[in-house]
Structures are given as structure tokens and as C-alpha cells.
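Data block below; observations after.
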Amino acid sequence: FNFEQFAKKFLADIKLNGEAALTEYMPQEGLFYYLSKPGFITSVAEIQNINELKEEIPWRVGLDTYRKSRFSFIEGEKPVVNCEMASLYNKQGIYGGLEENFNRVSKALDALKEFSPDEVSELHKRIKHIQENEQAVVAYIFSTDGNLGFYFIKQNGVWKLFCLEVDDPCSA
């Protein structure tokens with residue numbers, strides 16, 4: 001069962017069932033990270049219950065946009081962002097493949113800590129553990145329709161979601 005087959009099934013499940021489909025892809029620990037960038041700073045949340053996503057406006061907007069997408073999955077490099085161009089990305093579509101040096105969760109936590117140093121969240125207290133887990137991320141899927149990024153680990157030979165990102169790269 002290769003990544004391309006997995007990605008096509010995953011994307012079809014999300015298109016059909018929305019966040020409810022994510023239940024099947026939850027890691028053994030029963031949680032994944034949700035990154036959202038509604039402005040100039042990325043917020044970080046731990047998702048343990050899929051229903052928590054129903055209230056997340058960036059996710060709802062991204063999901064609705066993705067569901068209307070007519071793109072098919074392509075194995076290949078992520079699109080490059082250019083905020084000066086009207087089309088935003090150098091290519092449109094749903095791309096996926098190997099992910100190297102994933103650090104989006106810990107990087108967002110560091111930025112949040114820098115922005116508001118007095119607020120030390122539970123996630124900041126576990127940043128070393130998060131960084132260790134980030135090293136296990138090996139694959140991604142990114143859709144330019146909805147700006148949705150999904151980052152995966154492999155547990156016992158099965159692809160599991162580590163991080164879901166809704167990115168508005170040129171906001172603020």
C-alpha cells in the first residue's frame with residue numbers, strides 16, 4: 001500500500017466525510033496538532049476529539065473550498081508561494097510526497113512564545129517531546145484549494161495524521 005494510494009483514499013474520505021473521516025487516521029496517542037494562520041502568527045492546538053474542528057472557522061472554510069476542488073492528487077513538490085502574484089502559488093493542485101525536516105509545530109510554538117513570553121502553555125512545556133515526534137513525520141499532502149496541509153507519520157506500517165495545517169501564507 002504505497003503513499004499515492006493512501007493519499008487518494010485519504011483525500012476522497014475527507015471530501016466525502018469532512019473532519020469525521022479523520023478519526024480513521026488518528027495516531028495511537030489519539031491526538032494530532034492543528035495549525036491555523038488567520039493572521040501574522042500561527043496558532044497551535046492539540047486535537048483529541050475530531051468534533052473540536054467543527055468550531056474552527058479556518059478549517060471549515062478550507063474544507064469547504066477543498067470539497068469544491070476538481071484537482072486530483074499528484075506526487076510532487078509542494079507549490080511555492082509568491083504573495084506578489086495573483087495566483088499565489090506557482091502551481092495549483094493537490095501535491096504530496098516525502099516531507100523532510102518537519103518542524104512546523106515547534107516553530108509555531110517558538111513564535112507564539114516570542115510574541116507573548118508570559119504565556120507558557122502546556123504545549124510549550126512539552127516542546128522537547130513535540131520536537132522528537134516531529135522527526136517521525138515523513139510525508140505530506142497539500143491542497144492549494146483551501147490551503148490545507150496534512151503531515152503524516154507511519155505507525156506499525158499504517159499512515160497516521162500528525163499535523164493538520166490551514167495556512168493563509170500571505171495574510172497580515
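- Nearest heavy-atom pair across Cys163 and Phe32 is N-CB, 4.4 Å.
- One hydrophobic cluster, built from ILVMFWY side chains closer than 4.5 Å, cannot hold both Val158 and Leu164; they sit in different ones.
- No side-chain donor-acceptor contact under 3.5 Å links Ser36 and Glu56.
- Counting non-hydrogen atoms of other residues, nucleotides and ligands closer than 6.0 Å to CD of Gln28 gives a total above 12.
- Interatomic distance, Met26 CE to Ile47 CD1, rounded to the nearest 0.5 Å: 8.5 Å.
- Judged by distance alone, with hydrogens and angles left aside, the side-chain atoms of Tyr66 form a donor-acceptor pair with the main-chain N or O of Leu11 at under 3.5 Å.
- Side-chain atoms of Arg60 never come within 3.5 Å of backbone atoms of Glu55 as a donor-acceptor pair (strictly under, hydrogens ignored).
- Note that CG of Leu22 is 8.5 Å distant from CG of Leu63, once rounded to the nearest 0.5 Å.
- Smallest separation of non-hydrogen atoms from Ala111 and Ile41: O-CD1, 3.7 Å.
- One distance of note links CH2 of Trp159 with CD of Gln5; it measures 12.0 Å at 0.5 Å rounding.
- Taken together through direct or relayed side-chain contacts under 4.5 Å among Ile, Leu, Val, Met, Phe, Trp and Tyr, Ile94 and Val61 form parts of separate hydrophobic clusters.
- In this structure, Lys91 satisfies the cation-pi test against Tyr95, with its NZ or CZ atom closer than 6.0 Å to the six-membered ring centre and inside 45 degrees of the ring normal.
- Under the 6.0 Å cut-off for aromatic ring centres, Tyr151 and Phe162 do not qualify, their centroids lying 6.0 Å or more apart.
- Rounded to the nearest 0.5 angstrom, Arg104 CZ and Thr42 OG1 are separated by 9.0 Å.
- Within the structure, every pair that satisfies the salt bridge (charged side-chain N to carboxylate O under 4.0 Å, His left out) test and touches residues 22-31, not counting sequence neighbours, is listed here: Lys9-Glu24.
- Pro58 and Tyr34 get closest at one heavy-atom pair: CB-OH, 3.8 Å.
- Surrounding CG of Leu98 are at most 12 heavy atoms belonging to other residues, nucleotides or ligands under 6.0 Å away.
- Around CD of Glu52, the count of heavy atoms belonging to other residues, nucleotides or ligands within 6.0 Å exceeds 12.
- Taking all atoms of both residues into account, the shortest heavy-atom contact from Ile153 to Pro27 is CD1-CB, 4.4 Å.
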Stepwise side-chain contact (heavy atoms from CB on, under 4.5 Å) check, Val105 with Val44: CA-CA 7 Å; Val105 177; Val44 182; 4.1 Å; yes

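- Residue Lys107 places its NZ atom among 12 or fewer non-hydrogen atoms of other residues, nucleotides or ligands, all under 6.0 Å distant.
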Derivation and outcome, side-chain contact (heavy atoms from CB on, under 4.5 Å), residues Lys160 and Lys154: CA-CA 6 Å; Lys160 296 294 181 178; Lys154 210 163 191 187; over 6 Å; no

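- A salt bridge is defined here as a Lys NZ or Arg NE, NH1 or NH2 lying under 4.0 Å from an Asp or Glu carboxylate O, and Lys8 with Glu4 meets this definition.
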Under 3.5 Å, sequence neighbours excluded: what are the donor-acceptor pairs made by side chains of residues 139-149?
| unit_1 | atom_1 | unit_2 | atom_2 | d |
| --- | --- | --- | --- | --- |
| Tyr140 | OH | Gly76 | O | 2.5 |
| Tyr140 | OH | Lys78 | N | 3.0 |
| Ser143 | OG | Asp145 | N | 3.2 |
| Ser143 | OG | Asp145 | O | 2.8 |
| Thr144 | OG1 | Gln92 | OE1 | 3.1 |
| Thr144 | OG1 | Gly93 | N | 2.9 |
| Thr144 | OG1 | Gly93 | O | 3.3 |
| Asp145 | OD2 | Ser69 | OG | 2.9 |
| Asn147 | OD1 | Tyr89 | OH | 2.6 |
| Asn147 | ND2 | Asp167 | O | 3.3 |

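- Rounded to the nearest 0.5 angstrom, Thr23 OG1 and Asn17 CG are separated by 9.5 Å.
- Judged by distance alone, with hydrogens and angles left aside, the side-chain atoms of Asn103 form no donor-acceptor pair with the main-chain N or O of Ser106 at under 3.5 Å.
- The CD atom of Glu134 sits 5.5 Å away from atom CZ of Phe102, with the distance rounded to the nearest 0.5 Å.
- Classification of the Phe152-Phe3 ring pair by plane angle, with boundaries at 30° and 60°, yields perpendicular.
- Aromatic ring pairs are classed by plane angle as parallel below 30°, tilted from 30° to 60° and perpendicular above 60°; the pair Phe10 and Phe150 is perpendicular.
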